[in-house]
Amino acid sequence: MAIWTDLFPGGITSTQFAVLHALAHEGPLNQTALRSKARLDRSTTADMVRRLVARRLVSQAKDPDDARRRVVRLTAAGRALYAESTIRAAQVNETMLAGLGEEERAALLALLSSLLEQHRGLLDYRED
């Protein structure tokens with residue numbers, strides 16, 4: 001968190017970045033799908049979307065296929081902030097991994113991926 005805060009002073013949080021990332025790569029999503037893609041819990045997602053709407057980084061509209069759901073999409077401001085943030089996020093990764101060689105980085109990535117897969121059900125993630 002300290003590295004993220006140093007590289008994103010006054011900017012977005014890592015959780016907000018995860019939401020912007022999911023929307024940038026998947027396009028508009030309903031909140032359930034967004035929660036799954038960004039790997040968030042139910043209560044965090046609703047609050048995060050409200051905050052991003054207030055900052056005008058995302059917008060919400062009723063889902064034309066299911067009026068009970070709301071579709072979240074990036075705004076132009078959200079796309080611009082995401083584009084800028086990807087550079088900083090890459091810097092966070094490089095700073096964290098700076099002391100590791102290529103083989104160590106690959107091993108760490110494989111272990112983290114395995115750990116995430118083993119605990120996939122903890123927050124009720126679904127691939128919609």
Side-chain angles (χ1 to χ4, degrees):
M1 291 306 295
I3 295 169
W4 186 275
T5 303
D6 284 347
L7 291 171
F8 284 84
I12 65 171
T13 66
S14 58
T15 307
Q16 290 169 336
F17 178 79
V19 169
L20 297 180
H21 179 79
L23 293 170
H25 289 273
E26 300 292 331
L29 295 168
N30 66 53
Q31 282 194 354
T32 302
L34 178 59
R35 179 174 65 87
S36 291
K37 298 292 181 186
R39 304 295 194 242
L40 303 173
D41 61 68
R42 208 174 298 253
S43 61
T44 300
T45 305
D47 183 52
M48 190 61 51
V49 169
R50 275 192 296 276
R51 290 175 190 214
L52 293 172
V53 166
R55 291 181 65 183
R56 297 189 170 136
L57 299 174
V58 302
S59 64
Q60 284 189 64
K62 284 189 179 180
D63 186 335
D65 299 325
D66 185 346
R68 297 169 296 172
R69 292 184 177 205
R70 308 214 18 106
V71 174
V72 181
R73 62 179 36 89
L74 280 177
T75 63
R79 277 189 292 283
L81 181 60
Y82 174 73
E84 174 192 328
S85 297
T86 58
I87 296 165
R88 292 179 187 222
Q91 291 171 332
V92 169
N93 288 345
E94 282 305 311
T95 301
M96 289 185 65
L97 301 174
L100 301 179
E102 288 301 315
E103 286 183 21
E104 292 169 312
R105 286 178 182 214
L108 177 60
L109 181 60
L111 288 169
L112 290 172
S113 295
S114 176
L115 185 65
L116 286 172
E117 188 59 35
Q118 289 175 23
H119 297 286
R120 179 182 210 108
L122 283 178
L123 296 175
D124 188 31
Y125 298 139
R126 293 194 324 240
E127 297 296 326
D128 295 336

Rounded to the nearest 0.5 Å, how far does [atom2] of [Y] lie from [atom1] of [X]?
X: Leu29; Y: Thr45; atom1: CG; atom2: OG1; result: 11.0 Å
X: Leu40; Y: Gln16; atom1: CG; atom2: CD; result: 10.5 Å
X: His25; Y: Leu20; atom1: NE2; atom2: CG; result: 10.5 Å
X: Arg69; Y: Asn30; atom1: CZ; atom2: CG; result: 4.5 Å
X: Met1; Y: Phe8; atom1: CE; atom2: CZ; result: 11.0 Å
X: Thr15; Y: Arg39; atom1: OG1; atom2: CZ; result: 14.0 Å

Q.
Under 4.5 Å side-chain heavy-atom separation, chaining through any Ile, Leu, Val, Met, Phe, Trp or Tyr, what else clusters with Leu109? Say none if it is isolated.
A. none
Which residues share a side chain to side chain contact (heavy atoms under 4.5 Å, CB included) with [X], sequence neighbours left out:
X: Arg56; answer: none
X: Ala80; answer: none
X: Asp47; answer: Arg50, Arg51
X: Ala77; answer: Leu57, Thr75

Q) Will you find, in the side chains of Gln118 and Ser114, an N or O donor that is under 3.5 Å from an N or O acceptor? A) yes
Q. Under a 4.5 Å side-chain heavy-atom rule over Ile, Leu, Val, Met, Phe, Trp and Tyr, are Leu81 and Ile87 clustered together?
A. no
Q | Cluster link Leu34 to Val71, ILVMFWY, side chain under 4.5 Å | A | no
Q) Is there any salt bridge (Lys or Arg N to Asp or Glu O under 4.0 Å) pair reaching into residues 15-25, and which pairs are they, with sequence neighbours excluded? A) none
Q: Just grab all the salt bridge (Lys or Arg N to Asp or Glu O under 4.0 Å) pairs involving residues 71-82, residues at least two apart or on different chains.
A: none
Q | Any residue meeting side chain to side chain donor-acceptor pair (under 3.5 Å) with Ser43, in chain and number order, not counting sequence neighbours | A | Asp41
Got a sec, which residues hit salt bridge (Lys or Arg N to Asp or Glu O under 4.0 Å) with [X], two or more places apart in sequence or on another chain?
X: Arg88; value: Glu84
X: Glu103; value: none
X: Arg105; value: Glu94
X: Glu104; value: none

Q: Grab the two heavy atoms, one from Ala38 and one from Ala22, that are nearest each other, plus how far apart they are.
A: N-CB, 4.3 Å
Q.
Show, in sequence, the C-alpha distance, side-chain angles and deciding distance for Arg70 and Val49, and conclude whether the side-chain contact (heavy atoms from CB on, under 4.5 Å) test is met.
A. CA-CA 11 Å; Arg70 308 214 18 106; Val49 169; over 6 Å; no
**Q.** Full working for side-chain contact (heavy atoms from CB on, under 4.5 Å) between Val72 and Val53
**A.** CA-CA 9 Å; Val72 181; Val53 166; 6.0 Å; no
Q. Taking the side chain from Trp4 and the backbone from Ile12, do they hold a donor-acceptor pair closer than 3.5 Å?
A. yes
